[in-house]
Amino acid sequence: MSVIEVINVNRSFQNGKEIAHVLKDINLNVEQGEFVSIMGPSGGGKSTFLYLLGGLDMPSSGSVKINNVDLSTLKDKELCKLRNEEVGFVFQFYNLVPNLNIEDNIALPLMIAGKSKSAYKDKLDECLKIIGMEDKRKLTPRELSGGQQQRVAIARALVFDPKIMFLDEPIGNLDSKTGLKIMELFREINQKYGKTIVQVTHSAESAQYGTKLVKLVDGQITDIEKINQ
């Protein structure tokens with residue numbers, strides 16, 4: 001079953017008198033439970049594509065559907081709810097709040113949605129267990145390594161139990177050894193917890209943790225291949 005459908009998507013930006021065509025006639029289906037890696041050279045449109053998939057931006061033409069819902073038909077409030085509760089985002093930069101402890105950083109989406117942190121105690125405990133940091137819940141980000149901070153960002157993306165996770169260069173700020181441990185965690189989240197994952201990456205090594213590789217060059221998909229795990 002397709003959880004994400006991309007149909008004839010184009011995205012262009014006006015730059016003075018010139019128009020930059022960043023994405024050109026993109027078509028892609030992502031099935032439930034897939035782990036899709038989008039690879040390509042810098043400036044090829046990877047992050048723009050990911051933002052369209054997650055509803056952070058809208059296409060100039062064409063449509064992006066999540067669970068058969070065209071994102072362009074949603075009102076701002078509905079789109080915010082989708083981004084906060086139904087999908088999870090993990091970025092290259094961890095975007096943690098320095099003066100909040102780990103537990104409160106993970107609970108941030110709950111607070112934004114007006115939910116009670118106490119009502120989600122079991123979920124918070126589960127997220128801390130998934131990232132292996134139950135004993136660090138009261139520490140602040142400055143007391144953590146980069147890899148630990150990214151784990152907290154991953155837990156924050158999981159707190160609403162989204163079916164889909166979007167990753168934008170999730171190990172771009174980490175050394176290779178730490179980065180591969182984070183990729184192993186994403187693989188576990190995909191396989192054990194059944195999350196559909198779409199990641200943008202420069203790294204051929206991290207792309208191999210997925211189940212499908214999409215090559216994006218100059219705003220166009222040039223190849224789609226299955227990855228044998």
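In what follows, every heavy atom counts, from backbone to side chain, and hydrogens, waters and symmetry copies are set aside.
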Please tabulate, one pair per line, all N/O donor-acceptor pairs under 3.5 Å involving side-chain atoms of residues 129-136, not counting sequence neighbours.
none

How would you list, by chain and number, every residue that makes a salt bridge (charged side-chain N to carboxylate O under 4.0 Å, His left out) with [X], sequence neighbours excluded?
X	answer
Lys226	Glu34
Lys24	none
Asp57	Arg11
Arg83	none

By ring pair (Phe, Tyr, Trp, His ring centres under 6.0 Å), Tyr51 pairs with (sequence neighbours left out) none
With sequence neighbours left out, write down each residue that passes ring pair (Phe, Tyr, Trp, His ring centres under 6.0 Å) with Phe160, or none if nothing qualifies. Tyr120
Taking side chain to side chain contact (heavy atoms under 4.5 Å, CB included) as the definition, give me every residue that meets it alongside Ser176, ordered by chain and number, with sequence neighbours left out. none
Taking only residues two or more places apart in sequence, or in another chain, which ones meet Val6 in a side chain to side chain contact (heavy atoms under 4.5 Å, CB included)? Ile4, Val9, Ile26, Leu28, Phe49, Leu53
Using a strict 4.0 Å threshold on nitrogen-to-oxygen distance, state whether Lys195 and Asp161 make a salt bridge. yes
Can you tell me which residue pairs pass the salt bridge (charged side-chain N to carboxylate O under 4.0 Å, His left out) test with a partner in residues 170-182, sequence neighbours excluded?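 Listed once each, the pairs would be none.
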Partner residues of Thr196 under the side-chain hydrogen bond (donor to acceptor under 3.5 Å, both in side chains) criterion, sequence neighbours left out: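 Listed in chain order: nothing, the list is empty.
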Can you list everything that forms a side-chain hydrogen bond (donor to acceptor under 3.5 Å, both in side chains) with Glu103? Sequence neighbours excluded, please.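 Lys117, Arg137, Lys138.
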For residues Ser61 and Asn10, is any side-chain donor paired with an opposing acceptor at under 3.5 Å?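 The answer is yes; a qualifying pair exists.
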Side chain of Gln220, backbone of Asp25: donor and acceptor closer than 3.5 Å?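 It does not hold such a pair.
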